[in-house]
Colleague: 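This is the structure, below, for whatever I ask next.
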Amino acid sequence: MSESPDNQTLIDALRDEFSKLSGGSRLPTIREIAAQYGVSQFGAQRAFEALKEEGLIQSFVGRGSFTAGARPVASPSQRARVLIVSHATPSFRGAEIAEHMLSFLNASQHKTIHVSYTDVDDLSDLLGRGGFDICVLQPRRSVLPVEALELLKSKAKHMIVEGRQLELMDVDVFLRNRAKSMAIALHHLRSLGHSHIGFITERLDTAAGYGEVENLFNQMLSADPDMQEGPVLRISEPDQSQALSELIAEGLNEARDAGVSLPTAYIVSGRFQAGDIRQGFGAAGLSVPTDASIVHLRAVSDESRTLTTVGRSARHVAQGVVELVNWRLANPGEPSGLVLDDPALEVGESSRSLLGGTS
């Protein structure tokens with residue numbers, strides 16, 4: 001978002017003030033900031049929203065605003081019955097997170113059960129009367145029946161949903177900090193001298209959050225006067241006759257044929273694999289990173305390490321969920337809220353400095 005000079009001065013001042021605080025520090029209220037800096041509450045609110053987009057601060061309904069970077073942590077006073085529920089649709093990433101959660105929870109001497117389900121009737125039969133202290137749900141990305149969520153809430157005192165944004169559902173949500181992911185990716189490429197950066201994403205349902213990530217790219221790019229407007233390529237889900245790499249090449253070639261000046265760097269968001277990205281650019285006659293530097297917004301895994309990646313490992317996600325479990329058990333009366341989990345930059349072979357050398 002573009003800001004007026006006065007409001008940009010406030011944003012810069014608050015960024016400097018808040019960045020000196022440790023992660024998880026409680027911040028002044030909008031009213032207090034307005035009084036402190038002699039601005040309107042609307043101006044203070046706009047500044048807070050800008051810093052949220054950067055991933056510097058986060059807010060919780062009923063709790064206030066805090067600096068990002070630290071999860072709420074507390075040790076429960078007793079062992080608890082914890083239920084982990086995953087959808088039966090195969091997901092290597094979800095299974096890896098669940099495995100780490102089980103290990104961490106068992107190490108904390110909680111009594112943990114992990115079940116998978118295909119429909120609500122199956123889930124009801126599996127859980128019986130319930131009686132769990134807390135339930136951690138790993139839903140499918142595209143479908144989460146309301147009746148399944150209500151069933152689980154009836155079986156456990158508290159609910160945590162991992163990886164899916166749910167509003168007005170009275171549950172704790174543990175979600176990656178998308179704004180910080182984008183800010184880290186753009187900062188990395190800018191630091192390498194790239195001023196013309198494009199964006200490649202998938203055409204997926206809104207539950208996947210790709211529309212939000214694209215909006216963040218456009219907002220952050222337009223807020224930097226030194227950056228050129230970058231093209232956005234939206235890749236459709238392939239049919240059986242096409243691979244993702246072919247669709248990437250097709251999108252790049254169509255942009256070039258339309259007279260679009262291709263950027264020197266791209267941020268890629270979606271389920272693309274490292275091979276898809278490299279093959280797609282290669283088929284379009286572009287070498288990575290010589291012709292185009294790549295930063296992939298994706299879960300960190302061994303397969304992705306050849307690319308420069310902004311993401312989180314399965315172990316990191318599981319550790320954060322377990323810390324939230326322990327905090328919730330120790331603070332049962334606190335209102336539910338959203339916990340944003342910070343990603344990290346893994347520098348691979350796909351991002352090249354225009355200032356000389358390869359990062």
Colleague: Can you see whether Phe132 has Arg81 sitting over its ring - NZ or CZ less than 6.0 Å from the centre and within 45° of the normal?
Modeller: yes
Colleague: List the atom of Ser191, the atom of Leu355, and the distance in Å for their closest heavy-atom pair.
Modeller: O-CD1, 3.8 Å
Colleague: For the atom pair CG (Leu247) and CG (Leu252), what is the distance rounded to the nearest 0.5 Å?
Modeller: 11.0 Å
Colleague: Hey, mind stepping through Ser351 and Ser293 against side-chain hydrogen bond (donor to acceptor under 3.5 Å, both in side chains) and telling me if it holds?
Modeller: CA-CA 4 Å; Ser351 56; Ser293 288; 5.8 Å; no
Colleague: Determine whether a donor-acceptor pair (N or O, by modelled atom type, separation under 3.5 Å) exists between the side chain of Arg256 and the backbone of Ala284.
Modeller: yes
Colleague: Looking at Asp276 and Gln273, would you say the former's side chain and the latter's main chain have a donor-acceptor pair under 3.5 Å?
Modeller: yes
Colleague: To the closest 0.5 Å, what do you measure between CG (Leu307) and CD1 (Ile294)?
Modeller: 7.5 Å
Colleague: Charged N to carboxylate O under 4.0 angstrom, Glu212 versus Arg178?
Modeller: yes
Colleague: Between Ser287 and Asp291, is any side-chain donor less than 3.5 angstrom from a side-chain acceptor?
Modeller: no
Colleague: Answer yes or no: is there an ion pair linking Lys157 with Asp133, defined by an N-O contact shorter than 4.0 Å?
Modeller: yes
Colleague: Is any side-chain heavy atom of Phe272 closer than 4.5 Å to one of Arg298?
Modeller: no
Colleague: Measure from the side-chain N and O atoms of Asp16 to the backbone N and O of Asp12, and report whether any donor-acceptor pair falls under 3.5 Å.
Modeller: no
Colleague: Check whether any side-chain heavy atom of Val85 lies under 4.5 Å from a side-chain heavy atom of Leu83, and answer yes or no.
Modeller: yes
Colleague: Give me the atom names and distance for the closest heavy-atom approach of Gln41 to Ile30.
Modeller: O-CG2, 3.5 Å
Colleague: Using a strict 4.0 Å threshold on nitrogen-to-oxygen distance, state whether Arg315 and Glu96 make a salt bridge.
Modeller: no
Colleague: Might you confirm whether atom CZ of Arg31 has over 12 heavy atoms from other residues, nucleotides or ligands at distances under 6.0 Å?
Modeller: no
Colleague: Kindly indicate, with the supporting measurements, whether the criterion salt bridge (Lys or Arg N to Asp or Glu O under 4.0 Å) is fulfilled by Glu334 and Arg328.
Modeller: CA-CA 8 Å; Glu334 289 288 329; Arg328 172 52 65 196; over 6 Å; no
Colleague: Between the side chains of His87 and Ser116, is a donor N or O closer than 3.5 angstrom to an acceptor N or O?
Modeller: no
Colleague: A side-chain contact here means heavy atoms from C-beta on lying under 4.5 Å apart; do Ser195 and Gln228 qualify?
Modeller: yes
Colleague: Taking the side chain as every heavy atom from C-beta outward, state whether Leu149 and Leu137 have any atom pair closer than 4.5 Å.
Modeller: yes
Colleague: For Tyr37 and Glu17, run side-chain hydrogen bond (donor to acceptor under 3.5 Å, both in side chains): C-alpha distance rounded to whole Å, both residues' side-chain angles, the deciding distance at 0.1 Å, then the answer.
Modeller: CA-CA 12 Å; Tyr37 285 89; Glu17 177 182 339; 2.6 Å; yes
Colleague: Would you say the side-chain atoms of Ser19 pair up with the backbone N or O of Arg15, donor to acceptor, closer than 3.5 Å?
Modeller: yes
Colleague: Sub-3.5 Å donor-acceptor pair from the side chain of Glu32 to the main-chain atoms of Thr29, do we have one?
Modeller: yes
Colleague: For Phe174 and Val317, work out which heavy atoms get closest and say how close.
Modeller: CE2-O, 3.8 Å
Colleague: Is it true that atom CD of Gln36 has more than 12 heavy atoms of other residues, nucleotides or ligands lying nearer than 6.0 Å?
Modeller: yes
Colleague: Is a side-chain N or O of Ser222 found less than 3.5 angstrom from the main chain of Asn218, in a donor-acceptor match?
Modeller: yes
Colleague: Output the distance between atom CD (Glu346) and atom NE2 (His188), rounded to the nearest 0.5 Å.
Modeller: 11.5 Å
Colleague: Could you tell me how the ring of Phe217 sits relative to the ring of Phe199: parallel (under 30°), tilted (30 to 60°) or perpendicular (over 60°)?
Modeller: parallel
Colleague: Can you check whether Ile84 reaches Leu105 side chain to side chain, under 4.5 Å on heavy atoms?
Modeller: yes
Colleague: Go through it in stages, so that I can follow the logic: the residues are Lys111 and Val82, the test is side-chain contact (heavy atoms from CB on, under 4.5 Å), and I'd like the CA-CA distance, side-chain angles, deciding distance and then a yes or no.
Modeller: CA-CA 6 Å; Lys111 298 176 182 178; Val82 180; over 6 Å; no
Colleague: So, do Phe48 and Ile33 sit near enough that their side-chain heavy atoms are less than 4.5 Å apart?
Modeller: yes
Colleague: Take atom CD in Gln45; do more than 12 heavy atoms of anything else shown fall under 6.0 Å from it?
Modeller: yes
Colleague: Could you tell me if His196 and Thr264 have a donor-acceptor pair between their side chains, going purely by distance under 3.5 Å?
Modeller: no
Colleague: Go through Arg164 and Val173 one step at a time and tell me if the side-chain contact (heavy atoms from CB on, under 4.5 Å) criterion holds.
Modeller: CA-CA 7 Å; Arg164 171 85 177 269; Val173 173; over 6 Å; no
Colleague: Does Asp224 form a salt bridge (Lys or Arg N to Asp or Glu O under 4.0 Å) with Arg190? I'd like the steps, not just the answer.
Modeller: CA-CA 11 Å; Asp224 190 335; Arg190 286 197 301 257; 3.6 Å; yes
Colleague: Tell me the closest heavy-atom pair linking Gly43 and Leu10, and the distance in Å.
Modeller: O-CD2, 3.8 Å
Colleague: Considering all heavy atoms of both residues, which atom of Asn326 and which atom of Ser108 are nearest to each other, and what is their separation?
Modeller: ND2-OG, 4.5 Å
Colleague: What verdict does the side-chain contact (heavy atoms from CB on, under 4.5 Å) test give for Leu186 and Leu221, after you've listed the backbone C-alpha separation in whole Å, the side-chain angles of each residue and the deciding distance to 0.1 Å?
Modeller: CA-CA 8 Å; Leu186 284 170; Leu221 208 64; 4.1 Å; yes
Colleague: For a 4.5 angstrom cut-off between non-hydrogen side-chain atoms, does Ser350 reach Thr306?
Modeller: no
Colleague: With a 4.5 Å limit on heavy-atom distance, are the side chains of Val161 and Asp172 in contact?
Modeller: no
Colleague: Got a second to check how far Leu27's CG is from Ser65's OG, nearest 0.5 Å?
Modeller: 6.0 Å
Colleague: Working note: His296 + Thr308, criterion side-chain hydrogen bond (donor to acceptor under 3.5 Å, both in side chains); need CA distance, chi angles, decisive distance, verdict.
Modeller: CA-CA 6 Å; His296 196 190; Thr308 296; over 6 Å; no
Colleague: To the nearest 0.5 Å, what is the distance between NE2 (His110) and CZ (Arg79)?
Modeller: 10.0 Å
Colleague: Among Leu127, Val171, Val120, Val136, which residue satisfies the side chain to side chain contact (heavy atoms under 4.5 Å, CB included) criterion with Leu152?
Modeller: Leu127
Colleague: May I have the step-by-step check of side-chain contact (heavy atoms from CB on, under 4.5 Å) for Leu51 and Leu14, ending in yes or no?
Modeller: CA-CA 8 Å; Leu51 295 178; Leu14 292 179; 3.7 Å; yes
Colleague: Would you say the side-chain atoms of Asn215 and Gln219 include a donor-acceptor pair closer than 3.5 Å?
Modeller: no
Colleague: Determine the minimum heavy-atom distance between Ala314 and His100, stating which atoms define it.
Modeller: C-CD2, 3.9 Å
Colleague: In this structure, would Leu286 and Val260 fall into the same cluster of hydrophobic residues linked by side-chain contacts under 4.5 Å?
Modeller: no
Colleague: Measuring from atom CG of Asp341 to atom CZ of Arg312, what distance do you get when rounded to the nearest 0.5 angstrom?
Modeller: 4.5 Å
